[in-house]
Amino acid sequence: MSKEDNDSITDFQAVIFDLDGTLLDTLDDIADSMNRMLEEKGFPVHTVDAYRFFIGNGWRMLVTRALPEKQRSDERIDACAVRSREIYHENWNCKTRVYAGISDLMERLQERGIPKAVLSNKPHDFALRYADAYLGQWKFKAILGYSDRFPPKPDPTAALEIAERIGIPPANFLFVGDSAVDMRTANAAGMRAVGVAWGFRGARELQDSGCRTLIHHPLEILPLLKSLA
Ligand SMILES: O=C(O)COP(=O)(O)O
């Protein structure tokens with residue numbers, strides 16, 4: 001962390017986490033499911049790494065980016081979204097894992113009584129299922145994936161709703177994510193934008209999109225938080 005970051009740290013008391021690429025490495029399961037759908041439909045598949053840049057703006061955008069440019073009619077995108085979700089439904093947890101250091105971080109946050117929440121552009125049902133399977137031993141004040149209740153990130157509405165529910169002002173939140181979408185959401189919500197270098201997109205994208213604090217290990221979040229001891 002730079003000195004400048006240290007100087008400007010205020011009274012952070014709560015954390016909102018992105019899910020894909022921040023808490024969980026879901027890349028392979030998403031890429032495999034999408035590639036199986038593309039194969040079935042006779043379209044070219046992509047490398048797993050290509051999916052790092054397709055994921056981030058919700059399932060429909062993921063499907064759109066994965067389809068060849070000339071095959072992106074609304075009807076085709078809808079049909080491919082339905083089929084790829086069916087496949088993902090069966091394969092969501094084959095290779096997914098929690099990133100190193102996340103379990104330690106969750107444990108420490110829990111011990112210190114720091115409120116935490118998840119906000120993802122993943123379909124809401126999948127966000128809940130992942131949180132339950134991989135993060136179920138820790139308490140979250142809210143777990144929100146994408147649904148028709150809130151616009152997707154980078155719109156700040158859902159992040160602000162979480163702050164309201166927890167009863168802590170947005171300015172006292174860390175918003176931790178791995179993509180430009182997350183950094184924009186954080187800044188639009190008036191929360192501290194914390195970028196994680198271990199995620200799908202990497203440090204450069206984060207620095208170019210409003211990241212205020214870049215971290216390389218989950219436990220670097222702890223010194224940013226107010227001590228509740
Ligand atoms: O599924 C997506 O588009 C991204 O999900 P995330 O917001 O948890 O990174």
Side-chain angles (χ1 to χ4, degrees), residues 15-35 37 46 48-67 77 80-82 84-89 91-93 95-99 102 106 116-135 140 142-162 173-189 191 193-202 205-206 209-211 215 218:
V15 192
I16 297 178
F17 292 98
D18 164 60
L19 189 62
D20 288 329
T22 299
L23 298 177
L24 300 182
D25 184 354
T26 50
L27 184 63
D28 283 284
D29 286 331
I30 294 174
D32 291 351
S33 300
M34 204 59 63
N35 278 343
M37 177 278 291
H46 305 278
V48 170
D49 271 341
Y51 283 93
R52 292 176 183 279
F53 300 92
F54 296 168
I55 298 167
N57 295 80
W59 200 263
R60 202 168 191 284
M61 186 57 82
L62 167 63
V63 172
T64 307
R65 289 169 175 155
L67 283 169
I77 293 168
C80 291
V82 168
S84 55
R85 274 183 64 143
E86 284 168 1
I87 296 171
Y88 190 44
H89 193 82
N91 297 280
W92 62 285
N93 59 352
K95 299 180 188 165
T96 291
R97 59 184 187 88
V98 181
Y99 282 109
I102 293 294
M106 292 298 149
K116 52 193 179 305
V118 171
L119 177 58
S120 173
N121 272 350
K122 242 184 152 48
H124 185 62
D125 52 338
F126 280 106
L128 289 181
R129 196 188 307 188
Y130 272 111
D132 190 44
Y134 291 93
L135 306 163
F140 291 88
I143 296 164
L144 288 183
Y146 176 65
S147 71
D148 53 15
R149 287 177 56 211
F150 299 104
K153 298 180 290 184
D155 185 292
T157 308
L160 293 171
E161 162 74 19
I162 290 172
F173 271 79
L174 302 175
F175 191 110
V176 181
D178 73 313
S179 73
V181 166
D182 296 311
M183 299 303 98
R184 292 192 186 113
T185 310
N187 287 311
M191 298 176 178
V194 179
V196 308
W198 60 81
F200 295 170
R201 298 294 182 94
E205 171 173 313
L206 295 165
S209 56
C211 171
I215 59 171

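Remember, it's 1-based here, ligands and their atoms both numbered in the order they're listed.
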side-chain hydrogen bond (donor to acceptor under 3.5 Å, both in side chains) partner of Lys153, chosen from Asp18, Thr185, Asn121 | Asp18

Give a yes or no on whether a salt bridge exists between Asp25 and Arg97, defined as a side-chain N under 4.0 angstrom from a carboxylate O.
-> yes

Are Asp49 and Arg52 close enough for a salt bridge, meaning some N to O gap below 4.0 Å?
->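 Yes, Asp49 and Arg52 are salt-bridged.
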
Say whether Asn91 and Ser33, considering side chains only, have a donor N or O and an acceptor N or O under 3.5 Å apart.
-> no

Measure the acute angle between the ring planes of Tyr51 and Phe54, then classify it against the limits of 30° and 60° as parallel, tilted or perpendicular.
->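 Correct class here is perpendicular.
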
Protein residues having a heavy atom less than 4.0 Å from any atom of ligand 1 |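 Those residues closer than 4.0 Å to ligand 1 by some heavy atom are Asp18, Leu19, Asp20, Ile55, Gly56, Asn57, Gly58, Ser120, Asn121, Lys122, Lys153.
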
Step by step, work out the side-chain hydrogen bond (donor to acceptor under 3.5 Å, both in side chains) result for Asn93 and Thr96.
-> CA-CA 5 Å; Asn93 59 352; Thr96 291; over 6 Å; no

